[in-house]
Amino acid sequence: MSNEEPGPSDSASVDIDSSQDFDVDLDDVVLEDEEEENQGLFDDLLSGEPIFENKEVLRPSYTPHELPHRKEQINKMATILVAALRGETPSNILIYGKTGTGKTASAKFVSQELESTSQKYRVPCDVEYINCEVTDTQYRVLAQLANKFIEENERLIDEWLADLRELRESALEDTSAFDDADFDSIDAVDDRIAELEADKAEFETVPMTGWPTDRVYSVFFDAVDYHERVVVIMLDEIDKLVEKSGDDTLYNLSRMNSELANSRVSIMGISNDLKFTDFLDPRVKSSLGEEEIVFPPYDANQLRDILQHRSDVAFKADALTDDVIPLCAAFAAQEHGDARRALDLLRTAGELAERDQSELVDEDHVRQAQDKIELDRVVEVVRTLPTQSKIVLFSIILLEKNGVHNVNTGEVYNIYKRLCEEIDADVLTQRRVTDLISELDMLGIVNAVVVSKGRYGRTKEISLSVPIEETEAVLLSDSRLGDIEDVQPFVQARFDN
DNA sequence: ACTCCACAGGAAGCGAGGGAAA
DNA sequence: TTTCCCTCGCTTCCTGTGGAGT
């Protein structure tokens, strides 16, 4: 404990010092060279009456303290999880609902409440959150959990050690300190301290990769079972985990309880996909789905409520015209009642209004925001695509630009091969290109439908579902694809065949 | 009723690249 | 150093298939 204190504060002070030095340097430069021009660069922007009061509450990362229209689901979760506070194992829970229906927000809210209540009543209870879209293999889930619990155990041991040392100090002066404690001599306390320190030294963090999975499992198991507690493991986007690496993880987690001596584990799965349990082993399915909670999509009225709630905090009074919120709600309701989308729209509309130096957010800004969000998403997705996918997408664009709609896989592959030769990239097999096209389909960049043309075989009919000019521009900004100068020959070759 | 196209997409497995342990 | 282990992108080999043409 005592040796920790100087450490962080030391390094922190160094950081501050160095950054201050840096600032001073910068200021000097600016003052010398460009005083005039820089004056007022931000002043103009600042002088416009800002529309926002607190933009943070419109961001997806913000967890509200109140979730309108989700009382029922939250109460149900709480009634199930309250068992944890009595030291019993809560039933496993499965939560279903489309994106932006408040699943994650509600679950996080409940788990925060659970943890704070458990502290109040001094019942050991931990909630661990894992997003399975990021952590999508058994190894990684177990490793992440293991490390979190090791960290938690170390923190606990430090706490206990501090208590014990305090007890030891006071006992040295007056043995009556042992009256309320579990120890009756200094030696006993010393033994316990030594024991805890040995335990702490034994913990080893799990590396990102390298270990056999069963070893990770046993480290995780020991870390959880280190002392008495109830553990709730929240697996967000659990369907992604099952899709990618099967149900082994869930099987292992759900049968843990029968082997744990001190602690109890309960799983809370959150899924976008109502049918993902179809792929599960029946045993896993029944144990996981002990309790199911469904989050229905919000309707336009509910979305309006939510937006109203947040906008009261987010915007200055009277910054919105009357039709802004209903319009955001209506747009988002079309997108299967996605509240995240609705908030995004509202925030972007506000930003656009701010950029216009307008004092009011109006209907027009919302419509612009609708387009902007979609375009931004596409640009970002396309920009970060791997090179091979970019080449495939570019092939599709070339065909589309030359008036060939509903292209099939074979045609795309032919153009793709020529492009690869041109820019000296590896040529992948058609099998692989099929997969890349499916990925583009899932990202919503193209639309690929399997159709049968009878005598003329079965293939995918592929069409672009994003604006062609902008997408092409993004692709050409890639250094490798930028080399392609004359594209005509590629498409021309197609008509020659 | 049967054929047969042009693929879709599953299964297995390879090899490079991350890393750990002996 | 060698030997394991996990992950990822990819290939090879394969079986499956809707429906126009016959």
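First the proteins, then the strands, lettered A, B, ... as listed; each starts at 1. Only this structure's heavy atoms are used, side chains among them; waters, hydrogens and symmetry mates stay out.
- Of the options A:Thr434, A:Asp435, A:Thr429, a side-chain hydrogen bond (donor to acceptor under 3.5 Å, both in side chains) to A:Arg431 is made by A:Asp435 and by none of the others.
- Overall, the helix from B:dA1-C:dT22 to B:dA22-C:dT1 carries an axis bend of 30° between its ends, with five pairs at each end and the value rounded to 10°.
- Between the side chains of A:Ser438 and A:Lys460, at least one donor N or O lies within less than 3.5 Å of an accepting N or O.
- Base engagement by A:Thr209 is indicated by at least one non-hydrogen atom pair under 4.0 Å involving a base atom.
- Computed from coordinates, the A:Glu411 CD to B:dC5 P distance equals 18 Å when rounded to whole Å.
- Annotation for A:Glu197: atom CD counts as buried by contact number, over 12 foreign heavy atoms lying within 6.0 Å.
- Residue A:Leu428 contributes atom CG, which lies 9 Å from atom C1' of C:dG9 at whole-angstrom precision.
- Annotation for A:Pro296 and A:Thr101: closest pair O-CG2, 3.8 Å, computed over non-hydrogen atoms.
- Relative orientation of the A:Trp160 and A:Tyr226 rings is parallel, given thresholds of 30° and 60° on the angle between their planes.
- Taking atom CG of residue A:Leu385 and atom P of nucleotide C:dG9, one finds them 12 Å apart after rounding to whole Å.
- In this structure, the separation between NZ on A:Lys103 and CE on A:Met268 is 12.0 Å, given to the nearest 0.5 Å.
- Between A:Asn408 and B:dA6 there is no side-chain N or O to OP1 or OP2 distance below 4.0 Å.
- Considering only side-chain N and O atoms, A:Thr434 lies under 4.0 angstrom from the phosphate OP1 or OP2 of B:dA8.
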Identify every side-chain donor-acceptor pair in residues 123-134 of chain A under 3.5 Å, counting partners at least two apart or on other chains, and give the distances.
from	atom 1	to	atom 2	distance (Å)
A:Asp126	OD2	A:Arg229	NH1	3.2
A:Tyr129	OH	A:Asp236	OD2	2.6
A:Asn131	OD1	A:Glu133	N	2.8

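- Atom CD of A:Glu461 is separated from atom C1' of B:dA8 by 14 Å (rounded to the nearest Å).
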> What string of B, S and - do you get for nucleotides 12-22 of chain C 5' to 3' if you count protein non-hydrogen atoms under 4.0 Å?
Replying inline: B----BBBBS-
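- Between the OH atom of A:Tyr139 and the C1' atom of C:dC8 there is a distance of 16 Å, given to the nearest Å.
- The neighbour count for A:Glu166 CD, taken as heavy atoms of other residues, nucleotides or ligands under 6.0 Å away, does not exceed 12.
- One can place CD of A:Gln138 at 14 Å from C1' of C:dC5, the figure rounded to the nearest angstrom.
- A side-chain donor from one of A:Gln144 and A:Thr135 sits under 3.5 Å from a side-chain acceptor of the other.
- Below 30°, between 30° and 60°, or above 60°: for A:Tyr62 and A:His65 the angle between ring planes is above 60°, a perpendicular geometry.
- Sorted by residue number, the list of members of residues 435-442 of chain A with any non-hydrogen atom under 4.0 Å from DNA chain C is empty.
- Non-hydrogen atoms lying under 4.0 Å from DNA chain C are contributed by A:Gly210, A:Trp211, A:Pro212, A:Thr213, all within residues 210-223 of chain A.
- Summarising the geometry, the separation between CD on A:Gln144 and P on C:dC6 is reported as 18 Å, rounded to the nearest angstrom.
- At least one test fails for A:Arg367 against the ring of A:Phe331: distance under 6.0 Å to the centre or angle within 45° of the axis.
- When all heavy atoms of A:Glu400 and A:Ser463 are compared, the closest pair comes out as OE1-CA, 4.2 Å.
- Nucleic acid contact class of A:Val433 (heavy atoms, under 4.0 Å, all strands): none.
- Legend: ring-ring contact (aromatic ring centres under 6.0 Å, His included) pairs involving residues 406-439 of chain A, not counting sequence neighbours, sorted by first then second residue: A:Tyr413-A:Tyr416.
- Annotation for A:Gly444 and A:Ser465: closest pair O-OG, 3.1 Å, computed over non-hydrogen atoms.
- Whole-Å rounding puts the A:Gln430 CD to B:dA6 C1' distance at 9 Å.
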